[in-house]
Enquirer: 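Supplied in structure tokens, the structure appears directly below.
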Amino acid sequence: MPDIMITHKKIYSSLLNTKSRLNFKDTVQSGQSFRWNLNETLKSYYSSVIYNSIIFICEINSEMIEVLCTDQELSGKPINEFLKHLFSLDFQEETVFSSRFQQEFPEVWNLVQSYRSVRVMRQDPFEIMVTFMCAQGIGMHLIRRQVSMIAERYGQKIMLELPEGNLTFHSFPPPQALASADPNELAVCTNNNRIRAANIIAMARSFESGKLALACVDSGKCDLETLRETLCVHSGIGLKIADCIALFGLGRFDAFPIDTHVKQYLWEWFGIEEARHSLTEKNYRILQEKARAILGAEYAGYAGHILFHCWRKEVKKMKAF
DNA sequence: CCCCAGGGCCATT
DNA sequence: AATGGCCATGGG
């Protein structure tokens with residue numbers, strides 16, 4: 001693949017009115033995406049690569065973001081339309097936490113206020129699959145490093161020419177690029193974990209064959225259990241990662257992934273006894289049922305992600321990455 | 001040195 | 001069904 005060179009004359013800019021419903025910084029730092037970086041040359045701009053387009057976003061104020069992009073359209077849509085969908089601005093977040101929840105858990109409700117505009121994004125399914133297959137039992141910074149290395153090694157290199165100097169970006173590799181990867185070579189990018197590398201390659205081949213890709217297209221229609229079963233067929237994808245894929249990559253806001261952090265707040269905030277025991281499959285399902293009873297089944301995952309980020313920042317005092 | 005970090009899989013009881 | 005070991009690395 002030849003590298004792509006883009007000059008600064010080809011950058012398109014726009015303003016997007018978010019109506020104070022998008023906390024952009026916390027949204028991209030909340031652990032659902034590892035592909036946004038604070039740009040060192042264009043300070044105060046976050047940059048990412050979506051498909052083969054470079055995009056910059058700067059928060060003007062709470063109501064407005066400035067957008068710079070190397071293309072006029074993303075995935076066949078005007079940039080602002082694409083971003084509204086990406087950040088799920090069409091979704092009414094006011095309904096996420098019910099009035100019953102607000103009355104029953106006033107201290108949690110108070111703590112979560114500043115995170116209510118953290119959006120659950122609708123990201124590319126394949127990219128999310130690879131990302132969360134890299135997220136087993138390790139810290140966020142190691143996940144970020146793996147995703148970056150995969151893009152640098154297997155993605156399309158894109159150079160951007162600016163008055164301030166040249167910038168280099170990498171697209172996220174499409175399924176065929178990882179399907180044909182050598183396991184030992186990919187393992188260099190997956191924290192030297194060869195099992196993980198082999199699992200990603202097998203999943204990419206399943207995606208490339210059309211089976212997994214078709215399941216993604218139909219993911220909005222089938223029930224969550226069926227969707228999880230088709231995802232969990234793949235080695236390296238268990239219940240938790242399947243739920244992450246459904247929530248962050250397939251727009252299934254009812255999917256409620258439970259990890260070590262969620263397990264902690266289910267006990268500390270809601271006093272769910274089972275959260276003190278280990279996350280066996282049976283206990284995982286029990287915890288999901290109890291969480292849905294508190295958060296509501298329809299948007300449990302959306303609420304869960306906001307609580308997840310709130311827990312890590314406010315209680316665990318963790319830095320973003 | 002220890003334990004923990006957005007887990008999943010396998011072998012053993 | 002529940003438990004332990006294993007994978008791998010970095011940070012506290």
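Just so it is clear, the model here is predicted, and its values are computed rather than measured. Numbers restart at 1 for each chain; the letters A, B, ... are given by sequence-line order, proteins then strands.
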Enquirer: Does A:Gly137 reach a base, just sugar-phosphate, or nothing at all? Heavy atoms under 4.0 Å.
Expert: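 If one applies the 4.0 Å heavy-atom cut-off, A:Gly137 turns out to touch a base.
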Enquirer: A:Phe34 CZ to B:dA5 P: how many Å, rounded?
Expert: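 From A:Phe34 CZ to B:dA5 P: 15 Å.
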Enquirer: Could you work out which one of B:dG6, C:dA8, B:dA5 sits closest to the side chain of A:Asn192?
Expert: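 Nearest listed nucleotide: C:dA8.
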Enquirer: Among the candidates B:dG6, C:dA2, B:dG8, find the nucleotide nearest to the side-chain atoms of A:Lys282.
Expert: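 The closest nucleotide is C:dA2.
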Enquirer: Looking at the side chain of A:Gln264, which of B:dG6, B:dA5, C:dT9 is the nearest nucleotide?
Expert: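 Between B:dG6, B:dA5, C:dT9, the one nearest the side chain of A:Gln264 would be B:dA5.
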Enquirer: So, A:Asn199 and A:Ser235: side-chain donor and acceptor under 3.5 Å apart, yes or no?
Expert: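 On atom types as modelled, these side chains qualify, holding a pair under 3.5 Å.
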Enquirer: What is the distance from NE2 of A:His261 to C1' of B:dG6, rounded to the nearest Å?
Expert: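 A:His261 atom NE2 is separated from B:dG6 atom C1' by 6 Å.
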Enquirer: Taking for each residue the nucleotide of DNA chain B with the nearest heavy atom, is it A:Cys232 or A:Asp259 whose nucleotide lies nearer the 5' end?
Expert: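 Closest to the 5' end, via its nearest nucleotide, is A:Asp259.
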Enquirer: Is there a Watson-Crick or G-U wobble partner for B:dA5 with both distances under 3.5 Å, and if so, which one is it?
Expert: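 Across any shown strand, B:dA5 pairs with C:dT9.
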Enquirer: CZ of A:Phe132 versus P of B:dG7: gap in Å, rounded?
Expert: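 Roughly 10 Å, once rounded to whole Å.
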Enquirer: If you only use heavy atoms from C-beta on, which nucleotide in C:dC7, C:dG10, B:dC9 is closest to the side chain of A:Ile195?
Expert: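 Nearest to the side chain of A:Ile195 among the choices is C:dC7.
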Enquirer: Kindly point out which of C:dT3, B:dG6, B:dG7 is positioned nearest to the side chain of A:Ile143?
Expert: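 For A:Ile143, the side-chain atoms sit closest to B:dG6.
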Enquirer: By nearest atom, which of the nucleotides B:dG6, C:dT9, B:dA5 is closest to the A:Leu142 side chain?
Expert: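 From the listed options, C:dT9 comes nearest.
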Enquirer: Please work out if A:Phe248 contacts a base, only the sugar-phosphate, or nothing of the nucleic acid, heavy-atom cut-off 4.0 Å.
Expert: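 Base, at least one base heavy atom under 4.0 Å.
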Enquirer: Using the six-membered base ring of B:dG6, report whether A:Phe308 stacks on it, requiring centroids under 5.5 Å and planes under 30° apart.
Expert: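 Yes; by the centre-distance and plane-angle rule, A:Phe308 counts as stacking on B:dG6.
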Enquirer: What nucleotide among C:dT9, C:dA8, B:dG6 has an atom nearest to a side-chain atom of A:Arg145?
Expert: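 The listed nucleotide nearest to A:Arg145's side chain is C:dT9.
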Enquirer: How long is the line joining CD1 of A:Ile128 and C1' of B:dG6, in whole Å?
Expert: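 About 12 Å, once rounded to whole Å.
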Enquirer: Has the side chain of A:Gln123 got a donor or acceptor atom that lies under 3.5 Å from a matching backbone atom of A:Gln32?
Expert: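 At least one qualifying donor-acceptor pair exists.
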Enquirer: Please check this pair: side chain of A:Asn39 against backbone of A:Thr41, looking for a donor-acceptor N/O pair closer than 3.5 Å.
Expert: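 Indeed, once roles are kept as given, a pair shorter than 3.5 Å links the two residues.
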Enquirer: Just checking A:Tyr265 against A:Trp269, ring centres under 6.0 Å apart?
Expert: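 So the answer is yes for these two rings.
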Enquirer: Considering every strand and a 4.0 Å limit on heavy-atom distances, what is the contact class for A:Ile258: base, sugar-phosphate, or nothing?
Expert: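 The answer is nothing, as A:Ile258 stays clear of every strand by at least 4.0 Å.
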Enquirer: Using 0.5 Å steps for rounding, measure from the CZ atom of A:Phe87 to the CG atom of A:Asn23.
Expert: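 That separation rounds to 11.0 Å.
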Enquirer: For C:dA1, what is the paired nucleotide under Watson-Crick or G-U wobble rules, both distances under 3.5 Å?
Expert: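 Matched C:dA1 with B:dT13 under the 3.5 Å cut-off.
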Enquirer: Among B:dG6, C:dA1, C:dT3, which nucleotide has an atom closest to any side-chain atom of A:Thr280?
Expert: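 The closest nucleotide is C:dT3.
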Enquirer: Could you check which of C:dG10, B:dG8, C:dA2 has an atom nearest any side-chain atom of A:Ile241?
Expert: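 Closest nucleotide to the A:Ile241 side chain: B:dG8.
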Enquirer: With heavy atoms under 4.0 Å as the rule, sort A:Thr190 into base, sugar-phosphate or nothing.
Expert: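 Since no nucleic acid heavy atom lies under 4.0 Å of A:Thr190, the category is nothing.
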Enquirer: Starting at NE2 of A:His305 and ending at C1' of B:dG6, how long is that distance when rounded to a whole Å?
Expert: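 Those two atoms, NE2 and C1', are 10 Å apart.
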Enquirer: Could you check whether A:Phe207 and A:Phe126 have their ring centres less than 6.0 Å apart?
Expert: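 Here the rings of A:Phe207 and A:Phe126 have centres that are less than 6.0 Å from each other.
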